Amino acid sequence: MAMSNSIVNATRSAQRKMMEKIMDAALSKVSRDREESFLKLVDLAESFYGDAVTKEQYDSIREAIKDPDNRWMVFINRVLDETNPHVAKTAIMNLGYGAFFKGTKMIRKNREKYRCNIPWLILFDPTSACNMNCAGCWSGTYGHKYNLSYEDMSRIVTQGKELGVYLYMMTGGEPLVRKKDIIRLAEEHNDVEFSIYTNSTLIDEEFCKEVVRLGNITFQLSIEGTPETNDARRGDGHYEKVMKAMDLLKKYGIVFGTSICYTRDNIEAVTSDEFLRMIADKGARFGFYFHYMPVGNNAVPELLPTMEQRKYMIERIRYIRSNECDIPFFPMDFQNDGEYVGGCIAGGRNYFHINSAGDAEPCVFIHYSDSNIREKSILEILQSPLFMEYHKGQPFNRNHLQPCPMLENPEILQKIVHKTDAKSTDLESPEEVEHLCSKCTQYAADWAKEADEIWGQKKHRKSNYQNYAPENRVC
């Protein structure tokens, strides 16, 4: 066994060194060297993944790389040119080699070995503390009561790496309340990538210098449209602080994107050409859009988008990613991009959440748990009754425009919670699952009609690799 492990480690070390050489060339300003490096990466991906991706898809990527005018190659080259070289190389090594290549192989092997969900990323909350109190957000009410210790956070990463997880996201609360521990964690685990959802207010010059030194931290900044729409929910002066944080991150060549919750009140503001060009000019290159979820007893269901707004969101995000749009920004929609990830990604299928009290939740929006990181290992959590019900039930809807067991299929979440005796993990005001789902019932019924019509109008590609329990895979 020792000899076998040493061979595996030597192979991985050689693979990483090969990747480092490719990355050095990719970061070169010489376009010919960069093109050759990208083509080598595609060859490497093909050797790793085999027929999980079709030959036609690999060839399509190669053709795009060879086309100097291809929109997304222009985009990638721009990101590489404007990013600090150490930050770029570390991020690409940790995500490219660590997460996509080595990690993906380990994860797929462990899914078969342990017969449960193994995630591609883990999201955790260093603290419940937040220096803001945004309308409709549960975190602002929690105060400073709950924190993961440094040892808790390091153990999460250590155990995750053993399963193949090389990407860790942090939310809260406001993660940067724990700035010193985050720096220490990124230094100890410099072979993984950390991505932080932040309200931007604690990003300063000194911190940016540390991020550049470490190289393995990226950011998603919370912003919601114009100064008026943003500050109406997040408080006076917040918009200006986000602008300042963007300027600092751009100055130091640090990779960052945006985290945007779209609601009935702000959806047009956060998707307008004017807004997107502004954040792109500021240096944001990607963004996660999150549908407002009526979670918690203090939720505001009136913020749920209308059916027309949700249909608009689907069309709008796809347009921004299309060749018809010239805005240098890549958006992803957590709720409407289910087709590309096979539906609900929670419950450890591709990710799960650990709150600041250590409770393991299937999703950052599903505040129920039957396991705590201080009592169980990551693997034991993924094999717990709650997480296994997710594994057995996914996809919760074959129409991937209705992926969520709460928002679009509320009867399912109620069954899961009762069957597993999961407890509410709301840290201030525990919410009964019937109360939560009752806020989604009418929305789900109204959206089902629209979603079925949209879904039925298009052809949908079946993925070669289906990340579901064997009995749920489509032949």
Side-chain angles (χ1 to χ4, degrees), residues 83-84 86-87 90-91 94 121-134 137-158 160 166-223 234-235 237-259 282-284 288 353-358 364 373 427:
T83 303
N84 176 280
H86 178 62
V87 171
T90 306
N94 291 351
L121 72 91
I122 296 174
L123 173 68
F124 63 89
D125 301 349
T127 181
S128 64
C130 185
N131 57 336
M132 296 180 65
N133 191 1
C134 304
C137 176
W138 60 85
S139 295
T141 64
Y142 288 170
H144 294 65
K145 294 180 183 178
Y146 303 95
N147 292 280
L148 294 176
S149 69
Y150 179 80
E151 290 71 26
D152 289 333
M153 293 189 287
S154 184
R155 188 168 63 253
I156 289 168
V157 178
T158 298
Y166 281 80
L167 174 59
Y168 296 83
M169 292 184 171
M170 299 182 203
T171 182
E174 169 51 49
L176 295 186
V177 169
R178 299 284 301 282
K179 197 182 288 186
K180 289 183 180 178
D181 279 337
I182 288 172
I183 291 170
R184 180 184 170 193
L185 190 69
E187 190 158 30
E188 179 185 352
H189 297 281
N190 202 248
D191 57 339
V192 307
E193 191 70 14
F194 293 97
S195 193
I196 300 174
Y197 291 90
T198 175
N199 63 34
S200 305
T201 60
L202 300 177
I203 293 174
D204 55 27
E205 199 108 21
E206 182 181 354
F207 182 54
C208 286
K209 291 176 182 177
E210 284 291 270
V211 171
V212 169
R213 178 180 69 84
L214 293 164
N216 62 333
I217 302 176
T218 59
F219 299 90
Q220 282 81 245
L221 310 185
S222 295
I223 184 171
R234 297 187 173 273
H238 177 256
Y239 185 89
E240 185 179 343
K241 290 175 182 176
V242 180
M243 296 300 101
K244 182 180 177 182
M246 287 183 173
D247 290 342
L248 277 172
L249 294 172
K250 184 176 181 179
K251 171 185 173 181
Y252 281 93
I254 297 168
V255 178
F256 74 94
T258 54
S259 171
K282 283 284 186 178
F288 292 103
H353 177 238
I354 299 169
N355 72 13
S356 55
V364 69
I373 191 63
L427 301 177

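Just so it is clear, the structure is predicted and the values come from calculations on it, not from any experiment. Starting from 1, each residue takes its place in the sequence as its number.
Every residue two or more places apart in sequence or in another chain that forms a salt bridge (charged side-chain N to carboxylate O under 4.0 Å, His left out) with K282 is listed here: D247. Applying the ring pair (Phe, Tyr, Trp, His ring centres under 6.0 Å) test to F194 and every residue at least two apart in sequence or in another chain returns nothing. Remark: F219 engages F207 in a ring pair (Phe, Tyr, Trp, His ring centres under 6.0 Å) (not counting sequence neighbours). The side chain to side chain contact (heavy atoms under 4.5 Å, CB included) test applied to S200 returns L221, V242, A245, not counting sequence neighbours. Here E188 pairs with Y150, S154 under the side-chain hydrogen bond (donor to acceptor under 3.5 Å, both in side chains) rule; sequence neighbours left out. Listed by chain and residue number, nothing satisfies the side-chain hydrogen bond (donor to acceptor under 3.5 Å, both in side chains) test with E151 (two or more places apart in sequence, or in another chain). Residues passing the side chain to side chain contact (heavy atoms under 4.5 Å, CB included) test with A357 are Y146, N355, D359, L427, sequence neighbours excluded. Remark: D152 engages R155, R374 in a salt bridge (charged side-chain N to carboxylate O under 4.0 Å, His left out) (not counting sequence neighbours). Among residues two or more places apart in sequence or in another chain, the side-chain hydrogen bond (donor to acceptor under 3.5 Å, both in side chains) test is passed with T90 by none. Scanning for side chain to side chain contact (heavy atoms under 4.5 Å, CB included) contacts around E205 gives K209, L248, K251, Y252, with sequence neighbours left out. Under the salt bridge (charged side-chain N to carboxylate O under 4.0 Å, His left out) criterion, K250 pairs with no residue, sequence neighbours left out. Looking at residues two or more places apart in sequence or on another chain, you find a side-chain hydrogen bond (donor to acceptor under 3.5 Å, both in side chains) between T198 and E174.
For C208 against I203, the heavy-atom pair with the smallest separation is SG-CG2, 3.9 Å. Smallest separation of non-hydrogen atoms from I217 and I196: CG2-CD1, 3.7 Å. Residue H86 comes nearest to V212 through the heavy atom pair CD2-O, 3.0 Å, listed as atom of the first residue, atom of the second, then distance. Closest approach of S259 to Q220, counting heavy atoms only: CB-CB, 3.9 Å. Across S195 and T218, no two heavy atoms sit closer than the pair OG-OG1, 3.1 Å.
Proximity of a side-chain donor or acceptor of N94 to a complementary backbone N or O of N190 within less than 3.5 Å is detected. For Y168 (side chain) and V157 (main-chain N/O), a donor-acceptor pair under 3.5 Å exists by modelled atom type.
Taking 4.0 Å as the cut-off between side-chain N and carboxylate O, R213 and E210 count as a salt-bridged pair.
Note that CG of N84 and CG of L249 are 12.0 Å apart. Values are rounded to the nearest 0.5 Å. The OG1 atom of T201 lies 13.0 Å from the CD atom of E240; values are rounded to the nearest 0.5 Å. The CG atom of N216 sits 9.5 Å away from the CD atom of E187 when rounded to the nearest 0.5 Å. In this structure, CE in M170 is found 12.5 Å from OH in Y197, a value given to the nearest 0.5 Å. Here the CG atom belonging to L214 is positioned 13.5 Å from the CZ atom belonging to R184, to the nearest 0.5 angstrom. How far CE of M169 is from NE2 of H353: 12.5 Å, rounded to the nearest 0.5 Å.
Counting only N and O atoms by type, the side chains of D125 and T171 include no donor and acceptor under 3.5 Å apart.
Residues M153 and I182 fail the side-chain proximity criterion, which asks for heavy atoms closer than 4.5 Å. Inter-residue side-chain proximity for I156 and L148 is flagged as met; some heavy-atom pair is nearer than 4.5 Å. Contact check for P126 versus D181: no side-chain heavy atoms found under the 4.5 Å cut-off.
Heavy atoms from other residues, nucleotides or ligands lying under 6.0 Å from NZ of K241 number 12 at most.
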